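Structure record follows, encoded as structure tokens.
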Amino acid sequence: MRRKMIAGNWKMNNNQAASRDFVEKLESWFANEPTGTKAASVAASGKIEVVIAPPFTSIEAVRAAKKSGIIQIAAQNVHHESKGAFTGEVSLPMLEEAGCKYAIIGHSERRHVFHEPDEALEKKLIATLESNVLPIFCVGELLEERTAGNAEKVLARQLESAWTSLTSDIVGEMLVVAYEPVWAIGTGQTASNGDAERACDFIRTLAYEKFGIAASESLRILYGGSVKPDNSASLLSQSDIDGLLIGGASLEVESFEKIIETSV
Ligand code: 13P
């Protein structure tokens, strides 16, 4: 059984004080509220994982405020080199030292706002897999690519350009893929359950063809794009969706809690 992941990507939101406040409230919910204690015990049993991706400067605030061991931290980006003259970048050893378990790679805003090409994302993925940080590798098509009937072609290109040199063991045990159709991000236009499931099934089939049944069956695939408390349960009930990558609705602790609630 694949462990579900509920991950909040805060993007460039939540300074240190807001991050501390959020995590303290979430920890208090896990410890005191009946719905929260249920979620905490499901998390302790290993069935779900709760992840927060704060901005770099708030990572320490999240690390210091999380007490129960339920919350894991993800970085929103990485650089593939471990040190050197790369102004503005943060390395994997630095992220590991800061307490990150995961790093998001290839988020659509990195691809389309900051123009990170497939080749750079392959380097980031490989470097992450060689470190002690685990990758959450994002893929997803633009609206015009979908309208032109090229959505699957785009997903295949994004994955194949990144995972060519990986082994079945690594894909099965270490990789998390997040399907985030760009047209659904921050737009309120969530993919239908059927569309989201078809894309995640397509990704799993690609993994099966390249890495075999065991790797494809244990690969975790998340959906992201306008996830809200009122659509999270139905998305999570799809057989190939193993979790959610949440932007806007992860900024309010109550809505993040409600989404966690729908996963247990
Ligand atoms: P929204 O949930 O705000 O659409 O953002 C999704 C996302 O980009 C998460 O990484």
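Here the structure is a predicted model, which means the values were calculated and not measured. Ligands are counted one by one from 1 in listed order, and the atoms in each one are counted from 1 as well.
Side-chain contact, W183 with E144: no donor N or O sits under 3.5 Å from an acceptor N or O. Side chains of N14 and S58: a donor-acceptor N/O pair is absent below 3.5 angstrom, by distance only. Defined by atom type and a distance below 3.5 Å, a donor-acceptor pair is present between the side-chain atoms of H107 and E180.
For the pair F114 and N77, the minimum side-chain heavy-atom distance is 4.5 Å or more. Between M5 and Y102 the shortest side-chain heavy-atom distance falls below 4.5 Å.
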Step-by-step salt bridge (Lys or Arg N to Asp or Glu O under 4.0 Å) determination, E60 to R63: CA-CA 5 Å; E60 174 55 22; R63 195 201 58 75; 2.8 Å; yes

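Under the 4.0 Å criterion applied to side-chain N and carboxylate O atoms, E217 and R204 are not assigned as salt-bridge partners.
Any N or O atom pair closer than 3.5 Å counts here, and I246 shares no such pair with ligand 1. Backbone and side-chain nitrogen or oxygen atoms of K228 are examined, and none is located within less than 3.5 angstrom of a nitrogen or oxygen of ligand 1. Some N or O of G248 is nearer than 3.5 Å to an N or O of ligand 1, by distance alone. Ligand 1 has no N or O atom lying under 3.5 Å from any N or O atom of L245, backbone or side chain.
Residues that satisfy the side-chain contact (heavy atoms from CB on, under 4.5 Å) test with D118, not counting sequence neighbours, are R111, R157, Q158, S161.
If you number the atoms of ligand 1 from 1 as listed, the ones under 4.0 Å from a heavy atom of G186 come out as 1 (P), 3 (O), 4 (O).
Residue contacts with ligand 1 do not include G224, since none of its heavy atoms lies under 4.0 Å from the ligand. Ligand 1 has at least one atom lying under 4.0 Å from a heavy atom of S226.
For atom 2 (O) of ligand 1, the nearest non-hydrogen atom of the protein is G247 N, 2.9 Å. Nearest non-hydrogen protein atom to atom 7 (C) of ligand 1 is E180 OE2, 3.1 Å.
Residue contacts with ligand 1, taken as heavy atom pairs separated by less than 4.0 Å, involve N9 solely via side-chain atoms from C-beta onward. At a heavy-atom cutoff of 4.0 Å, ligand 1 is contacted by the backbone of A184 but not by its side chain.
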